[in-house]
Amino acid sequence: MLISKIKVLKSHGVQYIKDLDNASLPEIFRGRPVISGTPDKDMLDELVRLCPSNAISDDRLSIDLGKCVFCKECAIHCPDHIRFTNDYRMATNVRERLIIDGSSPDNISLNQDKVRKEIKKRFGRALKLRQVSAGGDNSTEMELNASMNVNFDFGRYGIDFVASPRHADGVVITGPITENMAIPLELCYNAIASPKIVILAGSDAISGGLFAESPALNRTFLDRFGVDLYLPGNPVHPLTFIHGILALVRHVK
């Protein structure tokens, strides 16, 4: 009996990712885009028309990852100028760094000078987060849940989701923040003891995404409270979430 169980465990191999800081994703993953050169005016107009979330600028070729849904239609129609890499390291605490153009650096990173000192001082060893689905479609919510599964095991760093904001150090917001969720979101935020962290996960949370022009949204919460971390994606990949959180609360390579 014991030998047969050992054989089964051996056949499964290693199920978890040993080094989350240096994990790699397959080439088909749609991560950080790279823009090279400038298309002609007709092609740029076509790309603007194709983009379902208005992520492409109409005056120059740039992609706002805070709006992008990573459908890859722009890269399919303009492969000479747009290419999506498999780089999942897209988290930042500077909103402008999510706008990618031909002059953007080869990586997206946090501005460590803008990270509040109390974040690394208090949350460097343990961090508890309350996730609020503010009108989300459950895609990013599922990916955040996956970050705690046996494959990623984010809990090994002392970082977990909790059920009550009273037990939390910060809030992770998913969804475009609908009118019906505006008050519950603020109640949750107020219930968290200071200092606290605000994280926007996914294009819907960062910009409203496909629903940005909807009258059913109420995003005034973001005008009144600061944002500590932006996590682009539609949905956010667990590794994007993990790398972003670690970069915020710790110094990662």
Side-chain angles (χ1 to χ4, degrees), residues 16-17 20-21 23 66 88-95 98 110 112 114-178 181-206 219 221-222 224-252:
Y16 71 99
I17 301 171
L20 292 175
D21 287 341
Y88 59 83
R89 299 172 176 87
M90 298 182 288
T92 184
N93 57 346
V94 180
R95 178 66 177 87
L98 293 180
L110 274 70
Q112 294 295 340
K114 290 184 176 294
V115 178
R116 289 180 286 133
K117 293 181 179 179
E118 62 265 26
I119 290 180
K120 284 184 169 58
K121 181 180 180 180
R122 299 201 178 192
F123 308 133
R125 293 187 177 183
L127 177 67
K128 307 302 177 183
L129 298 169
R130 177 67 170 96
Q131 188 268 324
V132 176
S133 179
D137 61 4
N138 208 35
S139 59
T140 293
E141 292 84 346
M142 291 178 66
E143 295 299 307
L144 297 186
N145 286 337
S147 69
M148 300 296 172
N149 67 20
V150 67
N151 299 109
F152 300 100
D153 188 22
F154 197 19
R156 75 181 87 168
Y157 294 105
I159 300 172
D160 296 290
F161 288 107
V162 293
S164 170
R166 298 291 185 185
H167 303 155
D169 304 308
V171 59
V172 180
I173 303 171
T174 59
I177 310 182
T178 60
M181 283 302 299
I183 293 178
L185 172 60
E186 188 161 346
L187 289 173
C188 175
Y189 175 84
N190 291 334
I192 300 173
S194 296
K196 44 194 164 186
I197 296 172
V198 176
I199 300 168
L200 300 183
S203 58
D204 287 350
I206 295 173
R219 296 174 58 80
F221 174 90
L222 302 179
R224 291 178 286 113
F225 303 103
V227 177
D228 295 291
L229 189 64
Y230 299 95
L231 299 168
N234 190 53
V236 176
H237 193 278
L239 286 177
T240 302
F241 174 70
I242 291 169
H243 184 268
I245 298 293
L246 291 180
L248 179 67
V249 301
R250 304 178 182 183
H251 290 289
V252 298

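Separating the CZ atom in F154 from the CG atom in L239 is a distance of 10.0 Å, to the nearest 0.5 Å. Between atom CD1 of residue I242 and atom CZ of residue F152 there is a gap of 6.0 Å, rounded to the nearest 0.5 Å. Rounding to the nearest 0.5 Å places CG of L129 at 4.0 Å from CG of L127. N151 CG to L20 CG: the interatomic distance, rounded to the nearest 0.5 Å, is 10.5 Å. With values rounded to the nearest 0.5 angstrom, F241 atom CZ is found 11.5 Å from E143 atom CD. L144 CG to N138 CG: the interatomic distance, rounded to the nearest 0.5 Å, is 10.0 Å.
For the side chain to side chain donor-acceptor pair (under 3.5 Å) test, no residue two or more places apart in sequence or in another chain qualifies with S147. Under the side chain to side chain donor-acceptor pair (under 3.5 Å) criterion, Q131 pairs with T174, sequence neighbours left out.
Taking 4.0 Å as the cut-off between side-chain N and carboxylate O, D169 and K128 do not count as a salt-bridged pair.
A heavy-atom distance below 4.5 Å is found between the side chains of L185 and I173. No side-chain heavy atom of M90 sits under 4.5 Å from any side-chain heavy atom of H237.
Crowding of R125 atom CZ: a count of heavy atoms from other residues, nucleotides or ligands under 6.0 Å not exceeding 12. Applying the 6.0 Å contact sphere to CZ of R122 captures no more than 12 heavy atoms from other residues, nucleotides or ligands. Counting non-hydrogen atoms of neighbouring residues, nucleotides and ligands closer than 6.0 angstrom, the CD1 atom of I183 reaches no more than 12 such neighbours. Within a 6.0 Å radius of CZ in R166, no more than 12 heavy atoms belonging to other residues, nucleotides or ligands are found.
Side chain of R219 to main chain of A205: a donor-acceptor pair is present (N/O by atom type, distance under 3.5 Å, no hydrogens or angles). A distance-only check finds no donor-acceptor pair linking the side chain of N145 to the backbone of M142 [under 3.5 Å]. Between the side chain of Y88 and the backbone N or O of A23 there is at least one donor-acceptor pair closer than 3.5 Å. Remark: side-chain polar atoms of R116 are paired, donor with acceptor, to backbone N or O of K196 under 3.5 angstrom. R130 places a side-chain N or O within donor-acceptor distance of the main-chain N or O of A163, the cut-off being under 3.5 Å.
Nearest heavy atom pair, residue N93 against residue D228, reads CB-O, 3.2 Å. In terms of heavy atoms, G136 sits closest to P176 at N-CD, 4.3 Å. Minimum heavy-atom separation, A201 to V236: C-CG2, 3.7 Å. The two atoms that bring Y157 and R250 nearest to each other are O-NH2, 2.8 Å, heavy atoms only. The heavy-atom pair separating V132 from M181 by the smallest distance is CG1-CE, 3.9 Å. Taking every heavy atom of both residues into account, A146 and P238 meet most closely at CB-CG, 4.1 Å.
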Where do I206 and R95 land on the side-chain contact (heavy atoms from CB on, under 4.5 Å) test, with the steps shown first?
CA-CA 9 Å; I206 295 173; R95 178 66 177 87; 3.6 Å; yes

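The only option from L110, V172, I197 that meets the side-chain contact (heavy atoms from CB on, under 4.5 Å) definition with L229 turns out to be L110.
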